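Keep in mind that this is a model prediction, so the values were computed, not measured.
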Amino acid sequence: MKVLVTGVGGFIGFHLAKRLLEEGFSVVGVDNLNNYYSPILKLARLEKLGVPITQIGEGIETQSEKYKGFQFLKLDLGREEGVFQLLKKFQFPVIYHLAAQPGVRYSLE
């Protein structure tokens, strides 16, 4: 089964994706990799999932070199068109929505 994990560069999203992969699920991980929290930390987590960070680009599906069932997509969930395309393409039976905009004041901007 292919599942979607949003916020996969974050602490919880990373660990959930890793666990799902180890249990045999296929996972598409999405994150916008913004700099509210350290992008270096997020990229390090993606490297642990086998994502070659030199191949990451906006809207580009990047295949893991470690887990056959993992793909990463840099995507801002605030961009509706990209989200609709993703959902239409994969038609996920399960979505773990862990992406968030931290900080109330920042989100108002």
Side-chain angles (χ1 to χ4, degrees):
M1 176 188 331
K2 187 175 290 273
V3 301
L4 173 63
V5 176
T6 68
V8 74
F11 182 79
I12 297 172
F14 161 75
H15 285 284
L16 175 62
K18 187 173 183 288
R19 177 70 179 262
L20 289 168
L21 290 163
E22 289 169 352
E23 291 186 9
F25 289 88
S26 292
V27 176
V28 174
V30 172
D31 203 297
N32 67 1
L33 300 176
N34 69 15
N35 62 0
Y36 191 88
Y37 291 119
S38 171
I40 294 170
L41 190 57
K42 294 175 188 180
L43 291 170
R45 290 181 184 129
L46 291 173
E47 280 187 311
K48 288 182 181 180
L49 292 174
V51 176
I53 60 172
T54 58
Q55 295 179 18
I56 293 174
E58 190 71 34
I60 299 171
E61 293 172 27
T62 308
Q63 178 63 47
S64 168
E65 295 175 341
K66 181 177 181 179
Y67 295 99
K68 180 181 174 187
F70 184 67
Q71 292 175 292
F72 173 74
L73 179 63
K74 182 179 178 187
L75 177 68
D76 183 343
L77 296 178
R79 295 185 168 190
E80 291 180 12
E81 185 60 32
V83 174
F84 290 140
Q85 288 176 1
L86 174 69
L87 296 176
K88 185 177 179 180
K89 178 178 181 177
F90 290 104
Q91 300 181 355
F92 301 100
V94 177
I95 297 173
Y96 294 96
H97 182 44
L98 302 171
Q101 177 60 63
V104 175
R105 290 185 187 109
Y106 185 76
S107 68
L108 295 174
E109 294 175 17

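Residues Q85 and V83 have side chains not in contact (no heavy-atom distance under 4.5 Å, counting atoms from C-beta outward). Residues K66 and E47 fail the side-chain proximity criterion, which asks for heavy atoms closer than 4.5 Å. At a threshold of 4.5 Å between non-hydrogen side-chain atoms, the residues I56 and V51 count as touching. Here the side chains of L33 and L46 are in contact, with some heavy-atom distance below 4.5 Å. Between S64 and Q71 there is no side-chain heavy-atom pair separated by less than 4.5 Å. Considering only heavy atoms from C-beta on, L77 stays 4.5 Å or farther from N32 through its side chain.
Among all heavy-atom pairs drawn from L49 and A17, the shortest one is CD1-CB, 4.4 Å. Closest approach of F92 and K2 over heavy atoms only: CD2-O, 3.7 Å. The heavy-atom pair separating G7 from A99 by the smallest distance is N-CB, 3.7 Å.
In K48, the NZ atom is not crowded: 12 or fewer heavy atoms of neighbouring residues, nucleotides or ligands sit closer than 6.0 Å. No more than 12 heavy atoms of other residues, nucleotides or ligands lie within 6.0 Å of NZ in K18, so this atom counts as exposed by the packing criterion. Enclosure of atom CD1 in I12 is not indicated, since only 12 or fewer non-hydrogen atoms of other residues, nucleotides or ligands lie within 6.0 angstrom. No more than 12 heavy atoms of other residues, nucleotides or ligands shown are found within 6.0 angstrom of CD on E80.
Tracing side-chain contacts under 4.5 Å through hydrophobic residues (I, L, V, M, F, W, Y), one never reaches F25 starting from L73; they form parts of separate clusters. Linking Ile, Leu, Val, Met, Phe, Trp and Tyr whenever their side-chain heavy atoms come within less than 4.5 Å leaves V28 and L16 in two separate clusters. Under the 4.5 Å side-chain heavy-atom criterion for Ile, Leu, Val, Met, Phe, Trp and Tyr, M1 and L4 are members of distinct hydrophobic clusters. Under the 4.5 Å side-chain heavy-atom criterion for Ile, Leu, Val, Met, Phe, Trp and Tyr, Y96 and L86 are members of distinct hydrophobic clusters. Hydrophobic clustering keeps V30 apart from I60 (ILVMFWY residues linked when any side-chain heavy atoms are closer than 4.5 Å, directly or through intermediates).
Ionic pairing of K74 and E61 is not present here: no N-O contact between side-chain nitrogen and carboxylate oxygen is shorter than 4.0 angstrom.
Note that the CZ atom of F72 and the CG atom of D31 stand 5.5 Å from one another [nearest 0.5 Å].
Although no hydrogens or angles enter the test, the distance criterion places no donor-acceptor pair under 3.5 Å between the side chain of R45 and the main chain of F14. Remark: the backbone N or O of N34 is paired with a side-chain donor or acceptor of K42 at under 3.5 angstrom.
Of the candidates V5, L20, V8, F70 forms a side chain to side chain contact (heavy atoms under 4.5 Å, CB included) with just one, namely V8.
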